[in-house]
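For reference, the structure is listed below as structure tokens.
FYI, side chains are in, hydrogens and waters are out, and symmetry mates aren't considered; it's all heavy atoms of this structure.
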Amino acid sequence: MATIKIKQIKSKIGAPVDQKRTLAALGLHKISQVVEREDSPTLRGMIRKVHHLVTVIE
């Protein structure tokens with residue numbers, strides 16, 4: 001299955017609790033951290049929820 005790299009580009013300070021939990025579920029804990037996950041519709045939905053805090057590296 002295809003994988004996708006996600007990088008946190010902004011701080012989660014000041015973000016709502018649900019967005020902080022979404023970042024934690026993605027495996028992101030600090031700025032400039034990059035994680036690699038399998039691409040799925042669920043993952044794309046999580047990314048869409050915090051799109052202003054992360055970027056997708058293809």
Are V56 and L23 connected in a single hydrophobic cluster, I mean Ile/Leu/Val/Met/Phe/Trp/Tyr linked by side-chain heavy atoms less than 4.5 Å apart? yes
For R21, does its backbone N or O pair with a side-chain atom of Q19 as donor and acceptor, under 3.5 Å? no
Going by the rule salt bridge (Lys or Arg N to Asp or Glu O under 4.0 Å), which residues pair with K49 if we only count those two or more places apart in sequence or in a different chain? D18
Would a 4.5 Å heavy-atom cut-off, applied to side chains only, mark L53 and I9 as touching? no
Residues in side chain to side chain donor-acceptor pair (under 3.5 Å) contact with H51, at least two apart in sequence or another chain: none
What's the separation between atom OG1 in T55 and atom CD in Q8, rounded to the nearest 0.5 Å? 12.0 Å
Going by side chain to side chain donor-acceptor pair (under 3.5 Å), name the pairs with one or both residues in residues 22-32, residues two or more places apart or in two chains. none
What do the steps show when you test V54 against L28 for side chain to side chain contact (heavy atoms under 4.5 Å, CB included), and what is the final call? CA-CA 9 Å; V54 300; L28 295 168; 3.7 Å; yes
Under the side chain to side chain donor-acceptor pair (under 3.5 Å) test, which residues partner Q33, sequence neighbours left out? none
Atom pairs and distances, side-chain donor-acceptor, residues 36-45, under 3.5 Å, sequence neighbours left out:
residue : atom : partner : partner atom : Å
E36     : OE2  : T3      : OG1          : 2.9
R37     : NE   : L26     : O            : 3.2
R37     : NH2  : L26     : O            : 3.0
D39     : OD1  : R44     : NE           : 3.0
D39     : OD2  : R44     : NH2          : 3.2
S40     : OG   : L43     : N            : 3.2

I57: hydrophobic cluster co-members (side-chain, 4.5 Å): V34
Which pair of heavy atoms, one from M46 and one from A25, lies closest together, and at what distance? CE-CB, 3.4 Å
Taking ILVMFWY side chains as joined if any heavy atoms are under 4.5 angstrom apart, and letting links pass through other members, which residues group with I13? none
